[in-house]
Trainee: 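The structure is given below, and queries will be raised subsequently.
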Number of protein chains: 2
Amino acid sequence: MGSEQELDRRDWIAGLEKGLRVIEAFSDAHPRLTPSTAARRTGITRTAARRYLLTLQHLGYVDGDGTYFWLAPRVLRLGWSYFDSAKAPRAVQPYLQRISIELGGATFFAVLDEDEIVFVARNGTTRIQNLGFVLGARVAANVASPGIALLSCKPPEEVDKWLEGRKFVPYTPSTYTRAEDVRALIDRTRALGYALVEQQLKQDRRGIAVPIRTRGDDVIGAISVSLPIGNETGQQAVARALPLLREAEHALQSLL
Amino acid sequence: MGSEQELDRRDWIAGLEKGLRVIEAFSDAHPRLTPSTAARRTGITRTAARRYLLTLQHLGYVDGDGTYFWLAPRVLRLGWSYFDSAKAPRAVQPYLQRISIELGGATFFAVLDEDEIVFVARNGTTRIQNLGFVLGARVAANVASPGIALLSCKPPEEVDKWLEGRKFVPYTPSTYTRAEDVRALIDRTRALGYALVEQQLKQDRRGIAVPIRTRGDDVIGAISVSLPIGNETGQQAVARALPLLREAEHALQSLL
DNA sequence: GCAATGCGCGCGACAATCGCGCAAAGCAGA
DNA sequence: TCTGCTTTGCGCGATTGTCGCGCGCATTGC
């Protein structure tokens with residue numbers, strides 16, 4: 001993943017980094033930015049921020065009324081380039097669909113990006129929860145089964161580094177907020193080869209996930225299924241779900 | 001929309017445009033790029049393309065093995081900034097859900113971006129077609145009901161300019177491939193105030209769409225519902241769907 | 001085996017980007 | 001309605017960051 005040990009000295013386009021920072025400066029709390037607010041949020045000077053916003057506007061990525069600027073749907077093309085080019089999200093789709101139908105839950109394919117997992121494919125109920133997941137959504141890796149599965153594939157010392165000094169934001173009363181609990185869960189997952197994660201992100205929901213590897217044994221993501229807890233034990237849910245997940249895992253390994 | 005009549009002379013960050021071009025150079029047919037292929041696809045020099053790729057890699061937006069580069073899920077953050085900041089996609093969600101349930105079809109909210117419409121919210125059947133629509137997906141504006149609805153809100157002379165010299169790619173045997181047919185459909189839509197589009201994008205499917213405006217009467221997007229044709233007439237489908245769409249339209253106008 | 005293509009890298013030069021500072025415009029409170 | 005604080009757009013000179021050429025080497029194809 002992070003193959004950037006040393007900084008490149010001259011192979012660095014400062015304008016690109018700043019421009020991307022400006023795009024990411026838009027958020028829920030700041031849907032419209034002026035040059036000065038953008039400058040404050042990105043750490044670049046006001047004059048420069050204004051130039052970046054004007055450039056982005058000219059390219060169609062942002063719209064503006066002359067003073068305020070806001071993102072235009074054009075920026076979705078950037079994310080789309082990923083879905084268009086990454087083959088994994090498409091390859092997993094039929095398997096997700098099959099598992100969804102057989103188990104009656106929502107299935108996901110997620111990849112790791114630094115501290116978070118990103119959902120890049122999904123299938124199943126469209127309105128599972130008030131916050132319906134959409135593609136590209138992110139959550140902290142430690143609260144969802146694909147995240148635990150992916151972390152369990154890293155060497156233990158890297159996991160320790162990952163856990164170190166992290167803030168564990170609780171989503172439910174059951175969310176682990178101590179590093180030891182999360183580490184124990186990851187260790188258990190590593191030993192078993194699959195992740196069983198209960199009520200970390202959402203009450204009354206459990207997730208079961210397995211990592212997906214390429215033929216070269218590189219871990220590229222994880223498939224998960226989210227099931228209501230009901231009055232089924234964790235082991236019963238695993239007994240139902242794991243064979244299907246494993247089947248998908250092996251089929252995909254020969255495809256990727 | 002396009003409020004950029006003249007070019008800014010000095011307020012132009014060349015590096016940002018090139019960097020974004022590099023990101024968009026990745027696609028289905030070119031999921032992995034070398035500096036030279038990227039250079040060819042973007043029109044910048046090989047040396048420069050390499051610098052942009054290295055910068056993007058260092059920022060985490062692309063991964064690479066030293067020779068080949070591919071997009072990393074990090075780029076989805078850029079598109080996510082849009083969903084996070086744009087309020088319309090979130091505001092329409094409950095209305096889409098309600099219409100989906102009542103009519104039993106898939107509902108969409110789409111906005112116009114140059115020649116295409118972009119689906120930025122949706123609800124309903126998760127596997128409508130082999131290529132399930134995901135958020136951010138794009139199609140030519142003339143083959144989907146939201147596109148026709150949005151085009152019908154433009155002044156006729158602008159529509160003529162839009163139609164002029166356009167290639168109409170057929171998706172089904174029924175897709176209009178002549179500008180006059182598309183213009184007639186748009187004119188009819190303008191007169192009626194809603195769009196009824198049949199089998200332009202998908203066989204045996206019809207879409208019904210209404211434009212959504214702000215309080216200031218600016219058109220910001222369109223809500224559509226996609227229904228199977230079955231043995232229902234277009235007018236029957238309109239009679240079922242239009243009241244619900246209109247209700248959403250009016251409710252949203254006071255929110256946006 | 002050789003030819004051809006494509007790779008990373010260093011260098012000198014130019015121009016693109018930088019941030020300052022000013023004048024005017026917007027906004028809040030009185 | 002007036003006043004003062006904030007923030008805006010914009011011009012300018014300096015510099016630094018970006019450019020593309022050309023080299024030598026690795027890899028592929030015939």
Side-chain angles (χ1 to χ4, degrees), chain A residues 2-27 29-59 61-71 85 216, chain B residues 2-27 29-59 61-71 85 216:
Chain A
S3 69
E4 316 87 29
Q5 51 278 44
E6 69 226 65
L7 347 159
D8 329 270
R9 299 180 301 112
R10 290 208 193 77
D11 297 325
W12 183 255
I13 310 293
L16 179 51
E17 182 197 8
K18 292 182 192 158
L20 295 172
R21 280 234 296 276
V22 168
I23 293 178
E24 291 193 2
F26 291 91
S27 71
H30 301 269
R32 290 158 32 106
L33 296 178
T34 63
S36 0
T37 51
R40 238 172 280 133
R41 288 178 60 77
T42 54
I44 60 186
T45 64
R46 180 182 64 92
T47 316
R50 181 172 171 270
R51 277 194 283 264
Y52 284 91
L53 286 167
L54 287 171
T55 303
L56 287 169
Q57 180 180 29
H58 199 86
L59 292 169
Y61 292 98
V62 314
D63 258 343
D65 60 5
T67 303
Y68 282 90
F69 295 87
W70 54 90
L71 286 179
S85 66
Chain B
S3 70
E4 317 87 26
Q5 51 280 41
E6 70 225 67
L7 349 156
D8 332 89
R9 299 179 302 110
R10 288 208 195 78
D11 296 325
W12 183 254
I13 310 294
L16 179 52
E17 182 197 9
K18 292 183 190 158
L20 295 171
R21 280 234 295 277
V22 169
I23 293 178
E24 291 194 1
F26 291 90
S27 71
H30 301 268
R32 288 158 33 105
L33 296 178
T34 64
S36 359
T37 52
R40 236 171 283 131
R41 288 178 58 77
T42 55
I44 60 186
T45 64
R46 180 180 66 90
T47 317
R50 179 172 172 271
R51 278 193 283 262
Y52 284 92
L53 287 167
L54 287 172
T55 303
L56 288 169
Q57 180 181 28
H58 198 86
L59 293 170
Y61 292 98
V62 314
D63 257 343
D65 60 5
T67 303
Y68 282 90
F69 295 87
W70 54 90
L71 286 179
S85 65

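Numbers restart at 1 for each chain; the letters A, B, ... are given by sequence-line order, proteins then strands.
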Trainee: Within this structure, what is the OH-to-C1' distance between B:Tyr68 and C:dG8, rounded to whole angstrom?
Mentor: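 For the pair B:Tyr68 OH and C:dG8 C1', the rounded distance is 15 Å.
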Trainee: Look at the side-chain N and O atoms of B:Lys18 and state whether any lies under 4.0 Å from the OP1 or OP2 oxygen of D:dT18.
Mentor: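 For B:Lys18, the contact criterion (side-chain N or O under 4.0 Å from OP1 or OP2 of D:dT18) is not met.
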Trainee: Find the distance A:Trp12:CH2 to D:dC19:P and express it as a whole number of Å.
Mentor: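 In whole Å, D:dC19 P and A:Trp12 CH2 are 14 Å from each other.
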Trainee: What is the separation between atom CD on A:Glu17 and atom P on C:dT17, rounded to the nearest whole Å?
Mentor: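 Checked: the CD to P distance equals 16 Å.
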Trainee: Which nucleotide wins on minimum distance to the side chain of B:Thr47, given the candidates C:dG8, D:dC19, C:dC9?
Mentor: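 Among C:dG8, D:dC19, C:dC9, the one nearest the side chain of B:Thr47 is C:dC9.
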Trainee: Measure CZ/B:Arg51 against P/D:dT18 and give the value in whole Å, please.
Mentor: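 About 9 Å, once rounded to whole Å.
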Trainee: With a 4.5 Å limit on heavy-atom distance, are the side chains of B:Asp11 and A:Arg50 in contact?
Mentor: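 Of all side-chain heavy-atom pairs linking A:Arg50 with B:Asp11, at least one is under 4.5 Å.
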Trainee: Give me the atom names and distance for the closest heavy-atom approach of A:Thr34 to A:Thr37.
Mentor: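 Where A:Thr34 meets A:Thr37 most closely, the heavy atoms are N-OG1, 2.8 Å.
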Trainee: Roughly, in whole Å, what's the span from CZ in B:Arg50 to C1' in D:dG20?
Mentor: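 Going from B:Arg50 (CZ) to D:dG20 (C1'), I get 14 Å.
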Trainee: Look at the side chain of A:Arg46 against the base of D:dG9 and say whether a donor-acceptor pair falls under 3.5 Å; ignore hydrogens and angles.
Mentor: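 Answer is yes: a donor-acceptor pair is held.
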Trainee: What residue among B:Val22, B:Leu56, B:Ile13 forms side chain to side chain contact (heavy atoms under 4.5 Å, CB included) with A:Leu16?
Mentor: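 Only one option passes, and that is B:Leu56.
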Trainee: I want to confirm an ordering. Mapping A:Leu16 and A:Thr67 to their closest nucleotides on DNA chain D, which one lands closer to the 5' end?
Mentor: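 In this pair, the answer is A:Thr67.
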Trainee: Output the rounded distance in Å from CG (B:Leu54) to P (D:dC19).
Mentor: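 For the pair B:Leu54 CG and D:dC19 P, the rounded distance is 13 Å.
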Trainee: In whole angstroms, how far is the P atom of C:dC18 from the CG atom of B:Asp11?
Mentor: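 Taking CG of B:Asp11 and P of C:dC18, I get 11 Å after rounding.
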Trainee: Between A:Gly15 and A:Pro35, which residue's closest nucleotide on DNA chain D lies nearer the 5′ terminus?
Mentor: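 Residue closer to the 5' terminus by nearest nucleotide: A:Pro35.
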Trainee: Are the side chains of A:Gln57 and A:Leu54 in touch, meaning some heavy atoms are under 4.5 Å apart?
Mentor: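 A:Gln57 reaches A:Leu54 side chain to side chain.
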Trainee: Using a heavy-atom cut-off of under 4.0 Å over every strand shown, decide if A:Thr45 touches base, sugar-phosphate, or nothing.
Mentor: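 Sugar-phosphate contact only.
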Trainee: Which part of the nucleic acid does B:Tyr52 contact within heavy-atom distance under 4.0 Å: base, sugar-phosphate only, or nothing?
Mentor: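 Touches sugar-phosphate only.
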Trainee: How many whole angstroms separate atom CG of A:Leu33 from atom P of D:dT7?
Mentor: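 Between P of D:dT7 and CG of A:Leu33: 14 Å.
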Trainee: Kindly indicate whether the side chain of A:Tyr68, heavy atoms from C-beta on, has any atom under 4.5 Å from the side chain of A:Leu53.
Mentor: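 Result no, sub-4.5 Å side-chain heavy-atom pair not found.
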